[in-house]
Trainee: 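One structure coming up, written as structure tokens, with questions to follow.
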2 protein chains.
Amino acid sequence: MSTISQLDQVKKCSGEFILAINDTMNVLNGKWKLPIIGSLLYGKKRFKELEREIPKITPRMLSKELKDLEVNGIVTRTVYNTSPVTVEYELTESGNTLNTVLDAMIAWGLQHRKMVIGKKEKVAEAVSV
Amino acid sequence: MSTISQLDQVKKCSGEFILAINDTMNVLNGKWKLPIIGSLLYGKKRFKELEREIPKITPRMLSKELKDLEVNGIVTRTVYNTSPVTVEYELTESGNTLNTVLDAMIAWGLQHRKMVIGKKEKVAEAVSV
DNA sequence: GCTTAAGCTATACTAAAGTATAGTGATATA
DNA sequence: TATATCACTATACTTTAGTATAGCTTAAGC
């Protein structure tokens, strides 16, 4: 039985569950969080590396989103006192475990695509008969 | 091994994976999709029932989001020719399987909260020593 | 001494998302 | 006859998200 479908039995927990979902959504929110997290899943990166790897992102957005992710405990920011400074961004443990969510999304997304295409084919068949 | 971490071995699939994640995100996008889906997980509902169950939603947004969900194959809309018309909204199979994603989000969200609180406690300890 | 690079920030703007408020047509109820 | 309900739609507005462009400091390379 899924966590969600247990809600009927455990109504008093639903607030906590909704909070947890909102937390997750907030972390992934916006146009650039997923590309950034996706890029960092392959290992720590410097600011300019991320800027180069993520097409069309502006430094303003990269900076803003990285700050957001840092505040939310998803990435760490490490400054080395070279000059000019070197700054490295890395996923925290929480950040790394986000792949469980991404995996669920991949699985659902792929399955959904198949279903939608299947439906369209059925409609096409029905029409062509 | 997770789907994501297989990306290194199966680079050519990454485009498909990213598409799947985007599909999922688009389905859940915005302020009202999750409350609506959450409400429909308990069974089919009429327009006014949803409006009453989801605090602060306006009919404009409810209508807009339901249309969106319908176009994306997440809900079905059934009109009965009573008068005035009765309209029922119900999750499709794809819509129902979304709970796998929500469960992953709940699990991650709860775990993340624990971790963040844990970190704060460690910092507090370190400071108080 | 000029250009390039890193790692950003500032200002001004546009576009997208969401809100507020009112109103529609058919019908049932008081 | 007046009011209420259902399932919305229309118009105008505000708020938030994202873009465009320029600039900062320190230092290395030519």
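Values in this document were obtained by computation on a predicted structure and should not be read as measured data. In what follows, chains are A, B, ... by sequence order, proteins preceding strands, each numbered from 1.
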Trainee: NZ of Lys64(A) versus C1' of dA10(C): gap in Å, rounded?
Mentor: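 From Lys64(A) NZ to dA10(C) C1': 15 Å.
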
Trainee: For Asn29(A) and Glu88(B), find the nucleotide of DNA chain D closest to each by heavy atoms; which residue's nucleotide sits nearer the 5' end?
Mentor: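 The 5'-side residue here is Glu88(B).
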
Trainee: Could you tell me how far apart Met61(B) (CE) and dA16(C) (P) are, to the nearest whole angstrom?
Mentor: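 It is 15 Å, rounded to the nearest whole Å.
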
Trainee: On the side chain of Arg60(B), is there an atom forming a donor-acceptor pair with the base of dT11(D) - under 3.5 Å, no angle test?
Mentor: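 Pair found.
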
Trainee: For Trp32(B) and for Tyr89(A), find the nucleotide of DNA chain C with the closest heavy atom, then tell me which residue's nucleotide is more 5'.
Mentor: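 Closer to the 5' end of DNA chain C: Tyr89(A).
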
Trainee: Does Lys67(A) place a side-chain N or O at less than 4.0 Å from the phosphate oxygens OP1/OP2 of dT9(C)?
Mentor: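 Yes.
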
Trainee: Using only side-chain N and O atoms of Thr58(A), determine if any of them is under 4.0 Å from OP1 or OP2 of dT19(D).
Mentor: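 No, because none of the side-chain N or O atoms of Thr58(A) sits under 4.0 Å from OP1 or OP2 of dT19(D).
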
Trainee: Please check if atom CD in Glu93(B) has more than 12 non-hydrogen atoms from other residues, nucleotides or ligands closer than 6.0 Å.
Mentor: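 No, the 6.0 Å shell around CD holds no more than 12 heavy atoms from other groups.
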
Trainee: Determine: side-chain N/O of Lys31(A) to OP1/OP2 of dT19(D), distance under 4.0 Å, yes or no.
Mentor: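 Checking Lys31(A) against dT19(D): at least one side-chain N or O falls below 4.0 Å of OP1 or OP2.
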
Trainee: If only side-chain N and O atoms of Ser83(B) are considered, is one of them under 4.0 Å from the OP1 or OP2 phosphate oxygen of dA26(C)?
Mentor: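 No, because none of the side-chain N or O atoms of Ser83(B) sits under 4.0 Å from OP1 or OP2 of dA26(C).
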
Trainee: For the residue pair Leu91(B) and Ile37(B), what are the closest heavy atoms and their distance?
Mentor: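 Closest pair (atom of Leu91(B), atom of Ile37(B), distance): CD1-O, 4.1 Å.
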
Trainee: Working to the nearest 0.5 Å, report the span between CH2 of Trp108(A) and CG of Leu98(B).
Mentor: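 Interatomic distance, Trp108(A) CH2 to Leu98(B) CG, rounded to 0.5 Å: 4.5 Å.
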
Trainee: Roughly how many Å is it from CG in Leu66(A) to P in dG7(C), rounded to a whole number?
Mentor: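 After rounding, the gap between these two atoms is 11 Å.
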
Trainee: If you measure from the Lys or Arg side-chain nitrogens to the Asp or Glu carboxylate oxygens, is any gap between Glu70(A) and Lys67(A) under 4.0 Å?
Mentor: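 Between Lys67(A) and Glu70(A) there is no salt bridge, as every charged N stays at least 4.0 Å from the carboxylate O atoms.
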
Trainee: Let's see if you can work this out: which of dA7(D), dG7(C), dT5(D) has an atom nearest to the side-chain heavy atoms of Lys48(A)?
Mentor: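 In terms of side-chain proximity for Lys48(A), the closest of dA7(D), dG7(C), dT5(D) is dG7(C).
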
Trainee: How close or far is atom C1' of dC8(D) from atom CZ of Arg52(B), stated in whole angstroms?
Mentor: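 After rounding, the reported distance stands at 14 Å.
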
Trainee: How many whole angstroms separate atom CD of Glu51(A) from atom P of dT9(C)?
Mentor: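 Roughly 12 Å, once rounded to whole Å.
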
